[in-house]
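In what follows, a single structure is set out as structure tokens and then discussed.
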Amino acid sequence: MGFASGSVSFRRYFVSGRQVPTLADQALLDKVSEHVLKQTELGVPEELEYGFSGGRHVLDNHISFEHNVFADCICFAMRIDTNRVPGELKKAYQIMEEETVAAGNPSGFISKNQKKDVKETVRSKIDEDLRSGKYRRSKLVPILWDLPNRMIYTPASGATSEKLLELFDRAFGVELEPLSAGSQALRIMEAAGKRRDYEDWRPTRFVVGPGGESQQPEYPWIAKGPQPKDFLGNEFMLWLWHEADGRTGIIPTEQVDDVTVFLDKSLELDCAYGESGKDTLRGSGPGRMPEARDALKSGKLPRKAGIMLEAQRQNYAFTFACEPLALGSAVLPEVEEADTPRTLFEERIALLRDLCAAIDALFASFLKLRGGGWESQVTTIRKWINQTAKTIAA
């Protein structure tokens, strides 16, 4: 399964609704089983089909406590099948049939009525190919459902995310809310009774824009997205960067004590003013590269970064996407004592929860600062940006 071994990539979805399951019982497993995707046995399959899967392999239709329930979580998958004959092959069928029919005509040309017949013949060939499963392409999207915390972990995004939301609504009558910097900030600030502060937040200007001091950052990638406060993810990442490279990298939090952060391997930046383009840097300590500091000076902000993180005496490495708070290729600590595969998986689930708790604690610390004393912090970050720029110039 996708979360049982190796590195993991995921974003989180909060589960909401009137009757959200909080326990992995037989009734819940039965609902998953009812919506398992099975191949069409009769007729021509749809071009796109999707449903649940046991998750161990693409043909796994069996849902059980033994294979899918671990600790207080249920692990399964969404299977997506694409049934599509390649366009070039369709074209070849068409030409070959037309040539065959035309060869039997004295004129050597095909008539309009014969063209209609050819289309039907080609359609029959295509349907036959689809029924045979010859061009069926299947993929699995792993799902880890943390039931007591109402949280889904999955790499689903974009169009795949839309299918996931529809399938959960149909199967369980629940809604999935994609967590992002903006939506997570709203949840934290509402819990603290500070929703009005959240609503008043606007993007921070860290450097003078290309159009002068009066120009405010636009965050063009946020304008195209569903959550207008997702710019908080970019500011969060810049704050982490400053704490890691401008200070000690050791950040106190209220939830999980101190968390140590270091930028490593990769850094992607984009212009908050929509004018100077993007930069992608790779190497050891990319945040300390001259190109990274030049990018900040020109108005760029981080959108994705490689991070090494230490929390609760455990070390993690992953790629962090700022706006969706998504993790890519996350390497969890080795589990040293695990007698069975089940024990190993359940230990990995605990580590995954701890990692997300550390990220959430860091984000909460950032939001607390954002809600009080932010101007002082911005002044410090601006000085850090200018100092590094001067160092480069020297």
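Looking at heavy atoms from C-beta onward, Leu23 lies out of side-chain contact with Pro21 at the 4.5 angstrom threshold. Side-chain atoms of Arg293 and Asp245, non-hydrogen and from C-beta on, do get closer than 4.5 Å to each other. Here the side chains of Lys368 and Glu254 are in contact, with some heavy-atom distance below 4.5 Å. Met289 has its side chain out of reach of Leu267: every pair of non-hydrogen atoms, C-beta onward, lies at least 4.5 Å apart. In this structure the side chain of Leu325 never reaches within 4.5 angstrom of the side chain of Arg11, judged on heavy atoms. Between Glu235 and Trp374 the shortest side-chain heavy-atom distance falls below 4.5 Å. Side-chain contact check for Val69 versus Leu29: some heavy-atom pair is nearer than 4.5 Å. Two residues are said to be in side-chain contact when any heavy atoms from C-beta on lie closer than 4.5 Å; Leu355 and Leu327 meet this criterion.
Residues satisfying the ring-ring contact (aromatic ring centres under 6.0 Å, His included) test with Trp241, not counting sequence neighbours, are Trp384.
The shortest heavy-atom contact between Pro252 and Asp258 is CA-OD1, 3.3 Å. The two residues Ala156 and Leu164 make their nearest non-hydrogen contact at CB-CD2, 4.1 Å. Across every non-hydrogen atom of Gln215 and Gly209, the tightest pair is OE1-C, 3.6 Å. Between Tyr198 and Gly182 the shortest heavy-atom distance is OH-O, 3.0 Å. Residues Ala185 and Leu232 share a closest heavy-atom pair of CB-CD1, 3.7 Å. Across Ala295 and Asp279, no two heavy atoms sit closer than the pair CB-OD2, 3.5 Å.
Note on Leu167: it clusters hydrophobically with Ile143, by side-chain heavy-atom contacts below 4.5 Å among ILVMFWY residues. Linking Ile, Leu, Val, Met, Phe, Trp and Tyr whenever their side-chain heavy atoms come within less than 4.5 Å puts Leu369 and Leu367 in one cluster. A chain of hydrophobic side-chain contacts below 4.5 Å, direct or via other Ile, Leu, Val, Met, Phe, Trp or Tyr residues, connects Leu28 to Val20. In the hydrophobic cluster analysis, where Ile, Leu, Val, Met, Phe, Trp and Tyr join through side-chain heavy atoms closer than 4.5 angstrom, Val36 is grouped together with Phe65. Residues Trp239 and Phe262 do not share a hydrophobic cluster, defined by chaining ILVMFWY side chains whose heavy atoms lie under 4.5 Å apart.
With hydrogens and angles disregarded, no donor-acceptor distance shorter than 3.5 Å links the side chain of Asp257 to the backbone of Gln312. No donor-acceptor distance shorter than 3.5 angstrom exists from the side chain of Arg205 to the backbone of Ser214, with no hydrogens or angles considered. Looking at Arg84, its side chain never comes within 3.5 Å of a backbone N or O of Leu48 through a donor-acceptor pair. Ser9 places a side-chain N or O within 3.5 Å of a backbone atom of Ser329 that can act as its donor or acceptor partner. Between the side chain of His67 and the backbone N or O of Ile63, no donor-acceptor pair lies under 3.5 Å. Without hydrogens or angle criteria, Asp264 side chain to Ile307 main chain gives no donor-acceptor distance under 3.5 Å. Between the side chain of Asp146 and the backbone N or O of Cys73, no donor-acceptor pair lies under 3.5 Å. Side chain of Glu346 to main chain of Ala71: a donor-acceptor pair is present (N/O by atom type, distance under 3.5 Å, no hydrogens or angles). In this structure, the side chain of Thr204 does not engage the main chain of Phe206 through any donor-acceptor pair within 3.5 Å.
Counting non-hydrogen atoms of neighbouring residues, nucleotides and ligands closer than 6.0 angstrom, the CE atom of Met151 exceeds 12 such neighbours. Counting heavy-atom neighbours within 6.0 Å of Lys163 NZ, excluding the residue itself, gives a total above 12. For CD of Glu199, the number of neighbouring non-hydrogen atoms (other residues, nucleotides, ligands) closer than 6.0 Å is greater than 12. By the 6.0 Å contact criterion, CD on Glu190 is enclosed, its count of non-hydrogen atoms from other residues, nucleotides or ligands being greater than 12. Around NZ of Lys229, the count of heavy atoms belonging to other residues, nucleotides or ligands within 6.0 Å exceeds 12. Atom CD of Glu213 is surrounded by 12 or fewer heavy atoms from other residues, nucleotides or ligands within 6.0 Å. More than 12 non-hydrogen atoms from other residues, nucleotides or ligands lie less than 6.0 angstrom from CD of Gln314.
Between the NZ atom in Lys300 and the CG atom in Asn234 there is a gap of 14.0 Å [rounded to 0.5 Å]. Distance check: Asn61 CG to Ser53 OG gives 6.5 Å after rounding to the nearest 0.5 Å. Between atom CD of residue Gln184 and atom CZ of residue Phe14 there is a gap of 9.5 Å, rounded to the nearest 0.5 Å. For the atom pair Ile126 CD1 and Leu89 CG, the distance stands at 7.5 Å (nearest 0.5 Å). Here Leu130 contributes atom CG and Glu46 contributes atom CD; the two are 10.5 Å apart, rounded to the nearest 0.5 Å. Atom NZ of residue Lys90 and atom NZ of residue Lys125 lie 14.5 Å apart, to the nearest 0.5 angstrom.
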Kindly indicate, with the supporting measurements, whether the criterion side chain to side chain contact (heavy atoms under 4.5 Å, CB included) is fulfilled by Val261 and Glu243.
CA-CA 8 Å; Val261 176; Glu243 294 297 305; over 6 Å; no
With side chain to side chain contact (heavy atoms under 4.5 Å, CB included) as the criterion, how do Ser180 and Glu323 come out once you've worked through the C-alpha distance, each side chain's angles and the decisive distance to 0.1 Å?
CA-CA 6 Å; Ser180 68; Glu323 300 96 63; 5.9 Å; no
Working for side chain to side chain contact (heavy atoms under 4.5 Å, CB included), residues Ile359 and Tyr316
CA-CA 11 Å; Ile359 293 172; Tyr316 303 85; over 6 Å; no
Taking it one step at a time, do Asp230 and Trp221 satisfy side chain to side chain contact (heavy atoms under 4.5 Å, CB included)?
CA-CA 9 Å; Asp230 277 350; Trp221 56 90; over 6 Å; no
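With respect to Leu176, the side-chain contact (heavy atoms from CB on, under 4.5 Å) criterion is satisfied by exactly one of Asp169, Thr154, Leu165: Leu165. Considering Phe172, Phe52, Tyr13, Phe70 in turn, Phe172 is the only one that fulfils the ring pair (Phe, Tyr, Trp, His ring centres under 6.0 Å) rule with Trp145. The one candidate from Lys139, Arg79, Glu166, His35 that meets the side chain to side chain donor-acceptor pair (under 3.5 Å) condition with Tyr50 is Glu166. Of the residues Val101, Asn113, Thr100, the one that meets the side-chain contact (heavy atoms from CB on, under 4.5 Å) test with Val118 is Val101.
Using the six-membered ring where Trp is involved, Phe236 and Phe363 have ring planes that are perpendicular, over 60° apart on the 30 and 60° scheme.
A salt bridge does not link Asp360 to Arg187: none of the charged nitrogens lies less than 4.0 Å from a carboxylate oxygen. With respect to Arg303 and Glu268, no salt bridge is recorded, no charged nitrogen being found less than 4.0 Å from a carboxylate O. With respect to Lys116 and Glu120, no salt bridge is recorded, no charged nitrogen being found less than 4.0 Å from a carboxylate O. A salt bridge links Arg123 with Asp127: at least one charged nitrogen is closer than 4.0 Å to a carboxylate oxygen. With respect to Arg136 and Glu49, a salt bridge is recorded, a charged nitrogen being found less than 4.0 Å from a carboxylate O.
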